[in-house]
Amino acid sequence: MLNSISKFSDYVVLRQGQIINLTIEHILLTVLAVVIAIIVGVLLGILITRVKKLTGPVIGFANLMQAIPSIALLGLFIPILGIGSLPAILMVFLYSLLPIIKNTYTGLMNISPEVIESSKGMGMTNKQILKLVQIPLALPIIMTGIRISAVTAVGLMTIAAIIGAGGLGYMIFSGVQTVDNNMILAGAIPACILALLVDFVIGKIEQGVIPPGIRKADGTIKLPKGRIFKFNKMQNL
């Protein structure tokens, strides 16, 4: 056991430059795919709350993408996009959509209608209601979807190495092909640590972006001009 650990430590020291470069590459590919998924997913989630007839097709498409095996999805993209980073980013992007779309939709739809009506009664426009009332109230649920997508994306991006996308998956698949356990661990352990780190970082971001008024449930929402509206016991207004 100690001998195996010693050999692995020596291997990591010998390949530390390569491991660091592949980790950075893995992070960049994952972040790019997840950021695009967040932008598109949140916008689609908002859209289907406004246009009800699109709810089924949009969520159905996102479900379909989740149902297709990742390797098969990559295989479908290769004739169109070739090999490399682009099909890998597209694959992770499509897999990341479902939790973000569903959580955005669920968060917005679960807001009490009385809250929306009270906001309209105060003279707020639809854009103001979305920005200052609905999004802040739905943000905890939206962030949960983003968190799930981001952590899952770290693992999915390792598969992309089979089409030359790079990242930590390169070491894992190279280790499998050469039956080198040290190489497999050198790719798998940083990927696991990265997934845990992503979960931790997004958890901290979640705490930072959710308005204190929402976290404390005191019903306080600040408007851009510095005015403060109190939504205390909205149901009774």
Exercise. Please indicate whether Y170 has more than 12 foreign heavy atoms, meaning atoms of other residues, nucleotides or ligands, lying under 6.0 Å from its OH.
Key: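 At most 12 heavy atoms, drawn from other residues, nucleotides or ligands, come within 6.0 Å of this atom.
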Pairing residues for [X] by the side-chain contact (heavy atoms from CB on, under 4.5 Å) criterion, not counting sequence neighbours:
X	result
E25	L22, L29
T23	I19, I27, L168, P190
V13	none

Is the closest side-chain heavy-atom distance between [X] and [Y] below 4.5 Å?
X	Y	result
T106	N103	no
V40	I36	yes
I141	L108	no
M65	L98	no
P99	Q66	yes

Would you name the heavy atoms of [X] and [Y] that are closest together and state the gap between them?
X	Y	result
I202	A150	CD1-CB, 3.2 Å
Y11	M171	OH-CE, 3.6 Å
I48	G45	CG1-O, 3.3 Å
S149	S96	OG-O, 2.8 Å

Quiz item: Are I163 and V92 grouped together when hydrophobic residues (ILVMFWY) are joined by side-chain heavy atoms under 4.5 angstrom apart?
Solution: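 Yes; V92 is reachable from I163 via cluster members.
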Mark yes or no for whether [X], through its side chain, and [Y], through its backbone, hold a donor-acceptor pair below 3.5 Å.
X	Y	answer
H26	G166	no
T144	P140	yes
Q128	T125	yes

[atom1]-[atom2] distance between [X] and [Y], expressed to the nearest 0.5 angstrom:
X	Y	atom1	atom2	value
I100	F93	CD1	CZ	9.0 Å
D180	L185	CG	CG	9.0 Å
S9	N182	OG	CG	9.0 Å

Quiz prompt | Pairs meeting criterion salt bridge (charged side-chain N to carboxylate O under 4.0 Å, His left out) with involvement of residues 93-103, two or more places apart | solution =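 Pairs touching residues 93-103 that pass the test: none.
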Quiz prompt | Pairs where residues 140-168 contributes a residue and the test salt bridge (charged side-chain N to carboxylate O under 4.0 Å, His left out) is met, not counting sequence neighbours | solution =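 Sorted pair list: R147-D199, R147-E206.
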Quiz item: Residues in side chain to side chain donor-acceptor pair (under 3.5 Å) with Q18, at least two apart?
Solution: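 Counting only residues at least two positions away or on another chain, Q18 forms a side chain to side chain donor-acceptor pair (under 3.5 Å) with R15.
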Exercise. Going by the side chain to side chain contact (heavy atoms under 4.5 Å, CB included) test, name the single residue among T49, I59, L47 that passes it with L54.
Key: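 Testing L54 for a side chain to side chain contact (heavy atoms under 4.5 Å, CB included) against T49, I59, L47 leaves exactly one candidate, L47.
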